[in-house]
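Here the structure is laid out as structure tokens; the discussion comes afterwards.
Just follow the structure's listing: the first ligand is 1, and inside any ligand the first atom is 1. Remember, predicted model here, so these are calculated numbers, not experimental data. Side chains included, hydrogens not; waters and symmetry mates left out as well; all remaining heavy atoms used.
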Amino acid sequence: MRVPTETHEHPPILAALRERLGKRAAAVRSDAATRAAYASDASIYRVPPAAVVEPHDADDVAAVLDAARATATPVTARGGGTSVAGNAIGSGIVVDFATRMNRIIGIDPEARTATVQPGVVLDDLRAAAAPHGLTFGPDPSTHSRCTIGGMIGNNACGSHSVAWGTTADNVVALTHLLPDGRRLTASRGGSGDPGLDARLAQWRAPHLGVLRTELDRFGRQVSGYGLHHLLPENGFDVAKALVGSESTCGLVTEATVRLVEVPAARALLVLGFPDVFAAAAAAPDLARSGAMTVEGMASDLLDALRSRPGRAGAGADLPAGQGWLYCEFGGATAAEAYDAAARVAAGLRDAATAVIVADPARARALWRIRESGAGIVTRMADGGEAWPGWEDSAVPPERLAGYLKDLYALLGEHGLRGVPFGHFGEGCLHLRCDFDLGSERGLAAYRSFITDAAALVAAHGGSVSGEHGDGRARSELLAAMYSPAMLRAFSEFKALFDPDGLLNPGVLVAPAPLDEAVRPGPGHAALEITPVHAFGADGGSFAGEVRRCVGVGACRSTDTGSMCPSFKATRDEVHSTRGRARVLSEMLRGETVTDGWRSEEVRDALDLCLSCKACASECPVNVDMATYKAEFLYHHYEGRVRPMAHYSMGWLPVWSRLATAARPVARAVNAALALPKVAALVQKAGGIEPRRSMIRFAEKPLRASARLRDRKRARKRARPAPATGPTVVVWPDTFTNFHSPEVGRDAVAVLEALGYRVEFPDGAVCCGLTWHSTGQLDAAKRMLRRSLDAMAAQLAAGCPVVGLEPSCTVMLRDEARALLPDDPRAQRLAEQTVTLAELVAAHEGEWPFGTVDAAAVAQVHCHQEAKGSYDADLAVLRRLGVDPDVVGAGCCGLAGNFGFEPGHYEVSQACAERELFPKVRAAGEEDLVLADGFSCRTQVAQGTERTGRHLAQVLRSALRR
Ligand SMILES: Cc1cc2nc3c(=O)[nH]c(=O)nc-3n(C[C@H](O)[C@H](O)[C@H](O)COP(=O)(O)OP(=O)(O)OC[C@H]3O[C@@H](n4cnc5c(N)ncnc54)[C@H](O)[C@@H]3O)c2cc1C
Ligand code: SF4
């Protein structure tokens, strides 16, 4: 667990915070790992804070502001930290609203409003409003983790803004705290503070002209303050004027927002165009056609998506074209929605191909392509880096096609590549470019492009930001689109709320230079080493791997997907994939975390990572924290004594071999470990969590029983195995061989029934998994090399190698190559390794199985889910008549040694309680509990009354005798 170590760099503010918050529920954190984790959002910028405060209520926030004022310390609010422009980072106190101020206070279905604390995640509000047929309209792609406070801060919106507008359009009232302690209750008509209202009216009088001519020219003019809402004709709406102020004018502690009716049915019309410009030109008319979305993308985005592992077939359902528009239509019935889409498709003048999808699952699959865009294009199709900076410019929709053409030309002039997509119906364009941010020259080129792009968008009457806000990336550029008079009005407005400039300095007014504090800038890889893993996709650079995390925060989603179980359990940024990447990144810079590879802060931040590898597949840029953790642990403990768990569980294959050397030994060991006092002693000495039961050792390991069987068969002159069938080699992993040999025996029986000649490796083998996960990489490599030696003949003969334990199978297919990139045998082993399910599913001969006819709860091993597929298993199960309910929450929580290590028990149990345990407990007695992973079966056995079964066991039971 993380043990915070306080920094003493900022004692006055820490003392002030402690004095005011000491007895309150808020958390004040200033340890290096926390400061590192909050150093960035989803932008290219890096500004480590002095401290992070997690307030519990508005009084805590008031206390923070008071401490900040007393010590002249800057304050920046933060929700999900998914801002792309450096809006949610600051050098003083970062107030994290997402962790504790995340309550939905109430929903009023009659009034169609919701009142929430600012840290409520958008999806949570949408889920709470759904039973009333209502939703919150603005829908950024980050809906699974962005907060209402952050949406208010940025005036966020998404694909449905065509129908439901931006956040400002949907805010009714705000409770808003100012640094001087005042609490505003802002709404239409005033701020709740008559004195402030009078000053606002006074301020407004000389600025009426610019407010009327320069602001609110089109829907996505998000840059600057939304001061047009203060015009008399707009009702002097102070709440709406504060939306988009990016915590520069106060902190929101409560918001009342408008909810909108959700159409009962939707149909998706996807239009294909010859190019993206034709799509952009068609967008304004479609936006007026009644469509609820008009989203555009070009073929480059599809190419980027298809370059990702397992996504080669993405977009097969799209209509022909090189540019597409996604237009969604609503209706009271599916037919009504479909007809609305069909009418619009039929009325299109220009040549466009069309697909109309009413089936929600197919529509979701199509949407996923567009929604993946923002994360996916952080890498170019060829694997090169792509960065935000000019990521959300907007123009009046009628000018989008022209702007887009000019923008492509500008990219060409600057020698840059980018992948455009976005909210075409609203004229808002997302673009990430292959900026070289790692050198002084590259930063100068970045400034040059951004400055030219700002001039270009202004020439098209547009806005430098169309939804993400200005932050550090674009505040400096406001001068390109606004007159000096308008900029003066902005400054004066801010001063009415924050006269001392404490709130989010550098943003909107008195802007920070856009090329200052760039995270991937020069010096970011000061501690670069030659890593043990190949990291081939990033040129062999560990810093390059870590830099993959651009901060989109998908790992912070708490309701969907498998990533990241430790964040889902703790809700702590430090224990998210992103937080860990930031901590590693600060270590590599040698800043914030200053003690390099020996850093205990980094070790502790990585400690709760289960090495489940969910991030390796679910993270849009495939951050593989399990591998980074192994690499870190290797360097951290190099030449030093390790925790006992690394010797006890990391060396499990050795202990298991010794404990099962002879039947009496295994019996004695099992009997001894069954005695509570002995078990407690072993657990203490071995660094094993005392609440865990010890695993048992097989009295007759798989290989020993196979040898015995062969001898018996030879004596009886029976054929050792079908002589004519192809030969397969069963990989006797430690768990199957020494702990669950029954699984291996059943697998052998199944394979022989299918006609295979089953062999075991010619010598002792081990994939090195337990050494790898504990960062003992030299030992892992030694094990792998020894195994490759033992298997040399069988590999050369091309025999398939059947993996039974999913994590070992992934080691053979994936990690072995990364650890031994120069050994061609590792490549061969990876290519020849198959799972039992894959072999059975592909079997074309006689089918020797009957049916099982049962329902099942199926726990897919997290490594199989991340690096393989469960499709073959599903195909086999269905053929056997098994109806599987697949657990969708990812890792079982045990994750090899993780759940057995002290300090992990709570997180381990919390992971299992998300879905696995409840489903297993609810399963009927006749239902099967399926779990191919030894860890998963152990977790089920220790947490429920049930016993998990391997697919081999199910197949064996279905064999016709
Ligand atoms: C992959 C990706 C896709 C995105 N897609 C979209 C999109 O489609 N549309 C869109 O609009 N944005 C999008 N964004 C940007 C961002 O996700 C949204 O703007 C989101 O609403 C920010 O919410 P958050 O909770 O993460 O806020 P944060 O990033 O934490 O904060 C946003 C701003 O709000 C301020 N703030 C936070 N809480 C408060 C508070 N209580 N009081 C006052 N100010 C506060 C912060 O200081 C900051 O200036 C995207 C970002 C990414 C990485
Ligand atoms: S490996 Fe699993 S626990 Fe670790 S960071 Fe990735 S998703 Fe989170």
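- The distance from ligand 1 to the heavy atoms of Val552 drops below 4.0 Å at these ligand atoms: 1 (C), 53 (C).
- Atoms of ligand 1 found under 4.0 Å from any heavy atom of Pro118 (numbered from 1 in listed order, with element): 41 (N).
- Atoms of the protein (N, O or S only) found under 2.8 Å from atom 4 (Fe) of ligand 2 are Cys609 SG.
- Near Thr82, the atoms of ligand 1 lying under 4.0 angstrom from a non-hydrogen atom of the residue are 15 (C), 16 (C), 17 (O), 20 (C), 22 (C), 23 (O), 24 (P), 26 (O), 29 (O), 51 (C), 52 (C), 53 (C).
- When only modelled atom types and interatomic distance are considered, Ser159 and Glu295 share no side-chain donor-acceptor pair under 3.5 Å.
- For the residues Cys146, Gly150, Ser141, Ser465, the heavy atom positioned nearest atom 8 (O) of ligand 1 is part of Ser141.
- Selection from Met101, His143, Glu467, Arg78 by nearest heavy atom to atom 7 (C) of ligand 1 gives Glu467.
- The residue from Ser83, Ser43, Ser161 that puts a heavy atom closest to atom 32 (C) of ligand 1 is Ser83.
- The closest heavy-atom contact to atom 12 (N) of ligand 1, among the options His468, Glu391, His430, comes from His468.
- Checking Arg183 against Thr253 by side-chain atom types alone, no donor-acceptor pair falls below 3.5 Å.
- Between Val552 and Pro620 the shortest heavy-atom distance is CG2-CG, 3.8 Å.
- Between His533 and Phe535, the ring planes are tilted. Angles from 30° to 60° get that label.
- The Gly79 neighbourhood of ligand 1 comprises atoms 25 (O), 28 (P), 30 (O), 37 (C), with distances under 4.0 Å to a heavy atom of that residue.
- Close contacts of ligand 1 with Gly250, meaning ligand atoms under 4.0 Å from a residue heavy atom, involve 43 (C).
- No side-chain donor-acceptor contact under 3.5 Å links Ser465 and Asp470.
- When the ring pair (Phe, Tyr, Trp, His ring centres under 6.0 Å) test is applied to Phe490, the partners found at least two apart in sequence or on another chain are Tyr225, Tyr482.
- Ligand-side atoms of ligand 1 in range of Ser247: 43 (C), 44 (N), 47 (O), range being under 4.0 angstrom from any heavy atom.
- Nearest residue to atom 18 (C) of ligand 1 from Ile89, Asn154, Leu242, Val121 is Asn154 (criterion: closest heavy atom).
- In this structure, Asp41 falls outside the shell of residues with a heavy atom less than 4.0 angstrom from ligand 1.
- Of all atoms in ligand 1, numbered sequentially from 1 with element shown, those under 4.0 Å from a heavy atom of Ala88 are 28 (P), 29 (O), 30 (O), 31 (O).
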